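Note sheet for the following structure.
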Amino acid sequence: MFKRILIANRGEIAVRVARACREMGISPIAVYSDVDRSSLHVRRCDQAVHIGPSPSAESYLSIEKIIGAARQSHADAIHPGYGFLSENAEFAEAVEQAGLVLIGPPSKAMRLMGSKTSARTAAAQAGAPVVPGTTAPLGSIVEAKQTAETIGYPIMLKASAGGGGRGLRLVNSADEIEPAFQIAQSEAASSFKDSSVYIEKYIARPRHIEVQIIGDQHGNLVHLAERECTLQRRHQKVLEECPSPVVDPDLRDRMGRAALLIASAAGYYNAGTIEFLVDQQGEFYFLEMNTRLQVEHPVTELVVGRDLVHEQIKVAAGLPLSFSESDVVLRGAAIECRLYAEDPNNGFLPSPGRITALKLPSGPGVRDDGGVYAGWEVPMYYDSLLAKLSVWGETRETAINRLSRALDEYVIDGIKTTLPFFRALTRNEAFRRADFDTGFIDRFLNDGLLPKSGDVDCLRDLAAVAAAIFARTEQNSVTASEKKEDQKQSNWKSQARHDALR
């Protein structure tokens, strides 16, 4: 087993991995940029290595600096978390060449499944259903037009190396395809240094369902059911559930077997996620593979009772999985929401600044994966994710009610956050009925269901005033009662003295 693990990330996921290391008797090592010198993940590790200026391109995205930090700290292995270099095949190869262990898949599998087009080809060859479209990058706008006409509009233009909604364009007609093609290529080049794009048939009002898989280096490969990831804004997930409220045992089994076929064909081991789209008729199609630990992994952990980061580390060390498919039992329901430093009443613009107060929710079935503390300055250089609030309940209804209660307890002052958005969402009847698709959040926001920040502040002020009035009334009541009791005692004492004198 490893003695030291370098965590090549920051924020809540770095804190999460550091906790797992400590539980396993492994020394966690942090890396940090200039602006992250006092971050929580630095405080949670045994050692910290400075890797450069605040911009991620000069620090967290620098392969050379990450490898150098691992050597300087005498780390045995590197955990990349998610984002940054976690799905970068060049980084995986550099770690291997440096004689270190990457806590993730082999670079060959990462390269194969990291490209959306080669992943589609691999999935189709493995016998998994894929969304109709191209399996190779488009060579020109002429090819794009011809392919779109063959498939039929609407279509989606997607970056081959993409993710997070970048390099993605919906095209409804032939008039739109040329400018959309140019924009998608430009976004792909700037975001991923790869301008190639491909076409997929657009599936109207789908659900986004993903299957968690994990395998070891001895040929064991299992899936841990599915997660509901349909609730998205601008193609970014905002709330996830396990299990999906629309997946029955038969569909779960078929999607799970398809996910294992795809992962096996790629020679994959360690943790990964196979993503599918499910249409209105209940048919599912392979979408892509994430060759890393997902942001939303806590909901799977809560439902199946397995620590995925522990398993990742064991697998990377060459140990076999500690469980088999028959050991995976689903219990209850879990929901996670991502809390961002963003203003939901101002187009979800980032809201960097100092956190002046922080109060975390607690109670049965509540888990907070956070990377911040009161007094810390949220920087403007990185993703604005502050924490992930996850809850578990015996049923989905119980989990929703628990999440709503926990969100009401959660306090983050000094900056704008997405807390008001989630409070409104968990009270929405359509969400509670699980009646949604990937366009639900946009409709929710367009319908004006999100309370204005002034309304929220007013309600908080009214609650504070009401509490103060109640406290004052109680105090006055107690004081009056005490005076009455004192008067009784005084009369009793006077009578006692009078009787004694007689």
Side-chain angles (χ1 to χ4, degrees), residues 13 82-83 86-87 104-105 109-110 113-114 116 119-120 122-123 126 128-131 156 158 162-165 168 200 203 205-215 221-233 235-249 251-264 266 268 270-279 282-304 306 308 311-312 325 328 330 333-338 388 390 396 434 436-438 440-441:
I13 188 57
Y82 56 74
S86 63
E87 293 184 279
M110 187 181 289
M113 303 309 290
K116 304 297 186 289
R120 280 170 55 83
V130 297
V131 180
M156 295 291 289
K158 293 187 170 185
L168 183 67
E200 275 185 356
I203 298 177
R205 304 191 71 167
R207 295 185 86 104
H208 189 137
I209 311 293
E210 63 185 25
V211 176
Q212 175 70 59
I213 62 101
I214 190 165
L221 192 63
V222 301
H223 75 82
L224 296 92
E226 81 287 345
R227 292 187 289 256
E228 174 71 70
C229 300
T230 298
L231 291 176
Q232 304 175 10
R233 192 184 71 84
H235 308 288
Q236 292 269 29
K237 303 165 191 172
V238 296
L239 182 146
E240 300 93 354
E241 303 183 43
C242 178
S244 167
V246 299
V247 173
D248 59 25
L251 180 57
R252 178 173 299 120
D253 180 64
R254 289 189 289 124
M255 292 178 71
R257 284 189 282 112
L260 294 180
L261 281 174
I262 296 168
S264 180
Y268 197 92
N270 215 280
T273 304
I274 310 292
E275 303 199 353
F276 297 98
L277 289 180
V278 179
D279 65 20
E283 297 298 323
F284 68 93
Y285 305 91
F286 170 76
L287 182 62
E288 63 184 23
M289 183 176 190
N290 294 122
T291 56
R292 54 172 168 79
L293 187 70
Q294 290 282 81
V295 178
E296 56 271 22
H297 74 274
V299 291
T300 296
E301 293 182 327
L302 289 170
V303 170
V304 303
R306 303 283 173 179
L308 290 173
E311 292 296 329
Q312 279 194 295
E325 194 67 62
V328 179
L330 277 64
I335 308 175
E336 172 192 288
C337 54
R338 306 183 184 190
K388 301 176 315 198
S390 305
R396 182 175 185 267
F436 48 73
D437 55 67
T438 52
F440 176 82
I441 295 298

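Note that the coordinates shown come from a computational prediction; the quantities given were computed from them, not determined experimentally.
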Candidate pair Ile262 and Ile213, rule side chain to side chain contact (heavy atoms under 4.5 Å, CB included), full reasoning = CA-CA 10 Å; Ile262 296 168; Ile213 62 101; over 6 Å; no
Using every non-hydrogen atom in the two residues, find where [X] and [Y] come nearest and quote the distance to one decimal.
X	Y	answer
Val211	Gly256	CG1-CA, 4.3 Å
Tyr82	Leu293	CB-O, 3.4 Å
Ala333	Pro243	CA-CD, 4.1 Å
Ile274	Ala259	CG1-CB, 3.6 Å
Val299	Glu241	CG2-C, 4.3 Å
Pro105	Asn270	N-CB, 4.0 Å

[X] [atom1] to [Y] [atom2] distance, which is reported to the nearest 0.5 Å:
X	Y	atom1	atom2	answer
Met110	Tyr268	CE	OH	6.5 Å
Thr300	Ile214	OG1	CD1	11.0 Å
Cys242	Glu210	SG	CD	9.5 Å
Leu221	Ser264	CG	OG	6.5 Å
Met255	Phe286	CE	CZ	11.5 Å
Leu239	Thr230	CG	OG1	10.5 Å

Answer whether the closest heavy-atom distance between the side chains of [X] and [Y] falls below 4.5 Å.
X	Y	answer
Arg120	Val131	yes
Arg338	Glu240	yes
Glu288	Lys158	no
Arg257	Leu260	no
Leu330	Arg252	yes
His297	Leu224	no

Take Gln212 and Leu308 through the test side chain to side chain contact (heavy atoms under 4.5 Å, CB included) and record every step on the way to the result.
-> CA-CA 10 Å; Gln212 175 70 59; Leu308 290 173; 3.8 Å; yes
Answer yes when [X] and [Y] have at least one side-chain N-carboxylate O distance shorter than 4.0 Å, and no when they do not.
X	Y	result
Arg306	Glu311	no
Arg396	Glu228	no
Glu336	Arg227	no
Glu296	Lys388	no
Glu226	Arg207	no

Which is it for Val295 and Lys237 under the side chain to side chain contact (heavy atoms under 4.5 Å, CB included) test, yes or no, and what are the steps along the way?
-> CA-CA 9 Å; Val295 178; Lys237 303 165 191 172; over 6 Å; no
Determine, step by step, whether Phe436 and Leu231 satisfy the side chain to side chain contact (heavy atoms under 4.5 Å, CB included) criterion, reporting the C-alpha distance in whole Å, the side-chain angles of both residues, the deciding distance to 0.1 Å, and the verdict.
-> CA-CA 8 Å; Phe436 48 73; Leu231 291 176; 3.9 Å; yes
With sequence neighbours excluded, residues passing ring-ring contact (aromatic ring centres under 6.0 Å, His included) with Tyr285 = none
Would you confirm whether Ser86, through its side chain, and Gly83, through its main-chain N or O, come within 3.5 Å as a donor-acceptor pair?
->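 Side chain of Ser86 to backbone of Gly83, a donor-acceptor pair under 3.5 Å: yes, one is there.
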Donor-acceptor under 3.5 Å (Glu87 side chain, Thr291 main chain) | yes
